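Predicted, not measured: the structure shown is a model, and the values here were computed from it.
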Amino acid sequence: MSSNTSSPSNAALTPVQAGERVFSGMHLASLWFSLGVGLLVMQVGAYLMPALSPQQAMLAIVGGSIVGAGLLAWVGKLGCDTGLSSAGLIHQVYGRHFAKLPVLLNIVQLLGWGAFELVVMRDSTVAIGRQAGSMQADYWPWAATLLWGGLLMALMLGSMVHLVRRLISRIALPLVVLSLLWLTWQFTHMASAQGFSALWSRPGAGGMGVMPALDLVVAMPISWLPLVADYSRYGKNGRSAMAGTWLGFGIANVWCYALGVLVALVLPSKDLVAALLLAQGGLIALSLVLLDEVDNAYGDAYSGSVSAHSVLPAWSVRAWGLVVAAACTLLALVLPMHSLEPFLLLLSSVFVPLFGVILGRLSFGGYQRTAVQAPIHWLPVCIWLCGIALYHALAAWAPVAGSAIPTLVVTFVVAFATRAKG
């Protein structure tokens, strides 16, 4: 059953059949490298400066990327092993009735992040245009939003599988790698001219410890946890799906965070886009990174459509995709998305314990395919709710320890220890 065609059954909750499993590890590595690259990631990397020293920042970046991308890959393996979408995994663990709550929360989150991606693309487009001496009129932000929103809707008409195998793997990936190499070379050259050893040994100003910084780095791959199974379910086998996802996203996360740190060291500025444009060839390189940003918005919209289809399967994934893409565009036009970012991060916090419980219940032989699921599985629900409370308690009372990793560990251990044996 294709995920992009109308069907009377629920494509989101039905395991993908063997004949449709066409993604190799390289396909998934290409996809997740491309999704891991983004201006937002670079901006967060720049945010680590000057609170941390460069050595502390790189320790948090490498450690957080290994852990975060590993968790992402683990959930991806579950999606591949079971053939289920993220909504399907949620139904398995929490029950067919209660699952609608986290699925609906995920749709709200994806609408928000999809709109936020369009805002990032809009602002970057206008900044690039004005750097080139055009786009001075007040209507250009509106026009740029509609342009990127229209492109997103056009992409939703096609096949996700074909998009990954043909467009991302063959065209988008080489271009974005070249742009990152060029920007890295340019800012490394600037750092060398300023004295690389002096920059590298610069002490941190304080205000952020390594563990909170690690939590901040882990937050980026964790934000993709509710999406990863929607793609890995098309993987040929769980091992290659896990390896490809881990490698692709891990490298991209380290690279973009580190590039953000490098830019902040060389050209301290509150405007990362303006700093990138100051590099030789920065206009072209930034334009290529901006084009790659489209797949981030597509990832949000596609997974949002899969989740919406799981709730109302009368509409196909493709039809829901158009609705979600149009809604993201409308939200990007009317809402102050930059001021809503804290709300989106708050909403994301519910998915850390949600997937800690899913990993604890379904990993290591825990998945048992059943024809009929219970309306609600009370124990996993209770563990999840307690996990949300733990996450925010740690943020309030023990911020130096971080919130994401401890919450994931506790919810996983409790969910694993309390699941039915045999």
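Rounding to the nearest 0.5 Å gives a distance of 9.0 Å between CG of Leu89 and CZ of Arg233. Rounded to the nearest 0.5 angstrom, Leu35 CG and Tyr298 OH are separated by 10.5 Å. Atom CG of Asp215 and atom CD1 of Ile222 lie 7.5 Å apart (nearest 0.5 Å). The distance from the CE atom of Met121 to the CG atom of Leu147 is 8.0 Å, given to the nearest 0.5 Å. Considering CG of Leu262 and CE of Met58, their distance stands at 10.0 Å, rounded to 0.5 Å. Separating the CZ atom in Phe351 from the CG atom in Leu408 is a distance of 13.5 Å, to the nearest 0.5 Å.
Residues satisfying the side chain to side chain donor-acceptor pair (under 3.5 Å) criterion with Trp148, sequence neighbours excluded, are Thr125. Under the side chain to side chain donor-acceptor pair (under 3.5 Å) criterion, His27 pairs with Ser24, not counting sequence neighbours. Residues satisfying the side chain to side chain donor-acceptor pair (under 3.5 Å) criterion with Asn237, sequence neighbours excluded, are Ser240. Considering only residues two or more places apart in sequence or on other chains, Ser307 meets the side chain to side chain donor-acceptor pair (under 3.5 Å) condition with Asn106. For the ring-ring contact (aromatic ring centres under 6.0 Å, His included) test, no residue two or more places apart in sequence or in another chain qualifies with Trp246.
A donor-acceptor pair under 3.5 Å links the side-chain atoms of Tyr231 to the main chain of Gly299, judged by distance alone. The backbone N or O of Tyr302 sits less than 3.5 Å from a side-chain atom of Ser305, completing a donor-acceptor pair. Side-chain atoms of Thr407 do not come within 3.5 Å of backbone N or O of Pro353 as any donor-acceptor pair. Formation of a donor-acceptor pair under 3.5 Å by the Ser159 side chain with backbone atoms of His162 is found in this model. Remark: side-chain polar atoms of Ser232 are not paired, donor with acceptor, to backbone N or O of Ala241 under 3.5 angstrom. A donor-acceptor pair under 3.5 Å links the side-chain atoms of Ser223 to the main chain of Met220, judged by distance alone. Within the 3.5 Å criterion, the main-chain N or O of Ala18 finds no donor-acceptor partner in the side chain of Glu20.
The closest side-chain heavy-atom distance from Ile128 to Gln131 is not below 4.5 Å. Side-chain contact between Leu48 and Ile61 is present, with heavy atoms from C-beta onward closer than 4.5 Å. Residues Leu175 and Asp292 form no side-chain contact, since every pair of their non-hydrogen atoms from C-beta on lies 4.5 Å or further apart. With a 4.5 Å cut-off on side-chain heavy atoms, Tyr94 and Ile90 count as touching. Using a 4.5 Å cut-off on side-chain heavy atoms (C-beta onward), Lys236 and Phe23 make no contact. For the pair Met42 and Leu276, the minimum side-chain heavy-atom distance is below 4.5 Å. Side chains of Leu247 and Trp32 form no contact here, defined as non-hydrogen atoms less than 4.5 Å apart. Taking the side chain as every heavy atom from C-beta outward, Leu178 and Leu288 never approach each other to under 4.5 Å.
Within 6.0 Å of atom CD1 in Ile284, 12 or fewer heavy atoms from other residues, nucleotides or ligands are found, so the atom counts as exposed in its surroundings. For Met135, the CE atom counts as densely surrounded, since its 6.0 Å shell holds more than 12 non-hydrogen atoms of other residues, nucleotides or ligands. Within a 6.0 Å sphere centred on NE2 of His189, other residues, nucleotides and ligands contribute 12 heavy atoms or fewer. For Arg130, the CZ atom sits in a packed shell: over 12 heavy atoms of surrounding residues, nucleotides or ligands are nearer than 6.0 Å. Within a 6.0 Å sphere centred on CD of Gln280, heavy atoms belonging to other residues, nucleotides or ligands number 12 at most.
For the side chain to side chain contact (heavy atoms under 4.5 Å, CB included) test with Trp384, the passing option among Thr411, Val350, Leu379 is Val350; the others fail. A side chain to side chain contact (heavy atoms under 4.5 Å, CB included) with Val381 is found for exactly one of Leu101, Val357, Ile376, Val93, namely Ile376.
With no hydrogens or angles considered, no side-chain donor-acceptor pair links Ser30 and Arg165 at under 3.5 Å. Side chains of Ser363 and Trp74: a donor on one and an acceptor on the other come within 3.5 Å. Side-chain contact annotation: His392 with Ser349, donor-acceptor N/O pair under 3.5 Å present.
If you look at Trp113 and Phe116, their ring centroids are closer than 6.0 Å. The distance between the ring centers of Phe355 and Phe412 does not fall below 6.0 angstrom.
For the residue pair Pro15 and Thr82, the shortest heavy atom distance occurs at CB-O, 3.5 Å. Residues Cys256 and Gly36 approach most closely at SG-O, 4.2 Å, considering heavy atoms. The shortest heavy-atom contact between Ser124 and Leu290 is CB-CD1, 3.8 Å.
Aromatic ring orientation, Trp255 versus Phe33: perpendicular (interplanar angle above 60°, classes split at 30° and 60°).
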Mind listing the side-chain donor-acceptor pairs of residues 319-332 below 3.5 Å, one per line with the distance, residues two or more places apart or on another chain?
residue : atom : partner : partner atom : Å
Trp320  : NE1  : Leu312  : O            : 3.1
Thr329  : OG1  : Ala325  : O            : 2.9

